[in-house]
A.B. asks: 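Sharing a structure with you now.
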There are 2 protein chains.
Amino acid sequence: MGMQGKQILVVDDEAPIRDMLRFGLERSGFRVSRAADVPSARLAVAQTHPDLLLLDWMLPAVSGIEYARELKAAATTRDLPIIMLTARGEEEDAVRGLNVGCDDYIAKPFSMPELVARIQAVLRRSVPGGESERIRVNGLEVDAASQRVTMSGEPVHLGPTEYRLLHFFVSHPERVYTREQVLDRVWGQNVYVEERTVDVHIRRLRKALAPHGCDAMIQTVRGTGYRFSEKHG
Amino acid sequence: MGMQGKQILVVDDEAPIRDMLRFGLERSGFRVSRAADVPSARLAVAQTHPDLLLLDWMLPAVSGIEYARELKAAATTRDLPIIMLTARGEEEDAVRGLNVGCDDYIAKPFSMPELVARIQAVLRRSVPGGESERIRVNGLEVDAASQRVTMSGEPVHLGPTEYRLLHFFVSHPERVYTREQVLDRVWGQNVYVEERTVDVHIRRLRKALAPHGCDAMIQTVRGTGYRFSEKHG
DNA sequence: CGCCGCTTGTCACACCGCTGTCACGGCTTG
DNA sequence: CAAGCCGTGACAGCGGTGTGACAAGCGGCG
């Protein structure tokens, strides 16, 4: 439905592939822009604000992996979905191990329907959500637009990771999440960090929330993970 | 870790494929149940609460796609992950399947390791207690999504094992289970623990429920085992 | 260029709740 | 009465979690 008309930026150094992808994707109802290397891609991202990036992992000068890491590091482009194009034989695990937070992989050669299917799956998964949301619960207020958190008016200082962690929990209350799932949804998919790292950031988040007396909302579910709830206990 | 032991429901009208899938998946540590058509699948979903659905897109009477749409439309089964099985060359249908809201698809013939990898990928990003079931009986409420138990609003603190034990009994009321059966369904199939251990956890569960006055729902059936019933006596 | 503060991921350690087992005693059944 | 069967308290071991510390990365600033 609303999936058609989405803008896709294809980044590949081989012109035939770019054209083939453009043809196939436009026939599926997407809008397509193209770039041959990373500098042009940077320009295109800044100018056209694509909804998804099709990124060849092997590019001249700056590799696709480096560029993906760069995009995932910047707050403004963190949520831009990326699908990596890899050549056959370049094991997924090899790419996965590089700690890029991209959303999916597809190996060349691939069929057009399969690519379209994966694009739609990723687009559906990505939260289009109203950009300027402001969630409030029990006096705790999380403003997505300004990335600021206040507790009954008092500002709460959080690091970037703690903020995203809190934002995730506040948007998904009354549910248990395992450490692995938290990593997937807060750190990004295909990023490898220790599961116990979640514990540490939970602790930092609690410590920041404690002076305001709402650290009890982040609850430990022993044997499983963590849960956000406004109810005590 | 927790990925093993997950329950997978295979829906396919061809018996050899069902059996092949069951064999392969069980060898990978999953629990497998099977259904040949959509009506049996509906029953199995309601009864066994699987963690993931392997759904053939081409089924007699009601197609897999229709069933998937039905599942994704209902709030209680919206989060139940679905992987579609398609035949080679039916990729366009796979696309339609993904539009329906399936989480992934895989084309027959496929390799077992690939299927297992896809399943684990989907399970990894799915939430626990996927189809957020919320069972209520006599004021006692067991919420799978938040993994929390409340008695007329008051939270009841339970350890992991007691929670699983109660969840099992609440989902299977009015029926006697031997200690061995309870061990199989709550502890897992290949775990060796003394049968009397069940007694101890029953006792702990009762003690946690006692302050709320509903410990009588866990009933002893002398010479056999235990039963959960809302009726007293 | 170097210094500094902030953030982040990881580790080691301590603690404590959970778990499985046992022994004892009360109770039912034959 | 004897023999099971079950509830209960106790207990040791383990494992999951909280916590402080630390080094590396990174950007800002002089």
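Throughout, a chain's letter reflects where its sequence line sits, starting with A, and its residues are numbered from 1.
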A.B. asks: Which pairs count as side-chain hydrogen bond (donor to acceptor under 3.5 Å, both in side chains) when at least one residue sits in residues 150-164 of chain A, sequence neighbours excluded?
C.D. replies: Glu162(A)-His201(A)
A.B. asks: Check whether any side-chain heavy atom of Tyr177(A) sits under 4.5 Å from a side-chain heavy atom of Val186(A), and report yes or no.
C.D. replies: no
A.B. asks: Tell me, please, which residues at least two apart from Ser33(A) pass side chain to side chain donor-acceptor pair (under 3.5 Å).
C.D. replies: Gln7(A)
A.B. asks: Are Leu52(A) and Asp103(A) packed together at the side-chain level, in the sense that at least one heavy-atom pair is separated by less than 4.5 angstrom?
C.D. replies: no
A.B. asks: When the distance from CG of Leu205(B) to P of dT8(D) is rounded to whole Å, what number comes out?
C.D. replies: 13 Å
A.B. asks: Is any side-chain heavy atom of Thr220(B) less than 4.5 Å from a side-chain heavy atom of Arg206(B)?
C.D. replies: yes
A.B. asks: At under 4.0 Å, does any side-chain N or O of Arg179(B) touch on OP1 or OP2 of dC6(D)?
C.D. replies: yes
A.B. asks: Between C1' on dG16(D) and CG on Asp199(A), what's the gap in Å once rounded to a whole number?
C.D. replies: 9 Å
A.B. asks: Below 4.0 angstrom, N of the basic side chain to O of the carboxylate: do Arg34(A) and Asp12(A) qualify?
C.D. replies: no
A.B. asks: Spell out protein contact along nucleotides 18-24 of chain C as letters: B when the base is contacted, S when just the sugar-phosphate is, - when no protein heavy atom is under 4.0 Å; keep the 5' to 3' order.
C.D. replies: SBBBB--
A.B. asks: From CZ of Arg203(A) over to C1' of dT19(D), roughly how many Å is that when rounded to an integer?
C.D. replies: 5 Å
A.B. asks: Stems in DNA chain C: runs of 3 or more consecutive Watson-Crick or G-U pairs, distances under 3.5 Å?
C.D. replies: C:1-30 with D:1-30
A.B. asks: So, using side chain to side chain donor-acceptor pair (under 3.5 Å) as the criterion, who are the partners of Asp51(A) when residues are at least two apart?
C.D. replies: none
A.B. asks: Tell me, please, which residues at least two apart from Arg196(A) pass side chain to side chain donor-acceptor pair (under 3.5 Å).
C.D. replies: Asp199(A)
A.B. asks: Nearest whole angstrom, please: distance from the P of dG18(D) to the CD1 of Ile202(A).
C.D. replies: 8 Å
A.B. asks: Reckon Tyr226(B) has a side-chain N or O less than 4.0 Å from the OP1 or OP2 of dG7(D)?
C.D. replies: yes
A.B. asks: Output the rounded distance in Å from CD (Glu70(A)) to C1' (dC26(D)).
C.D. replies: 15 Å
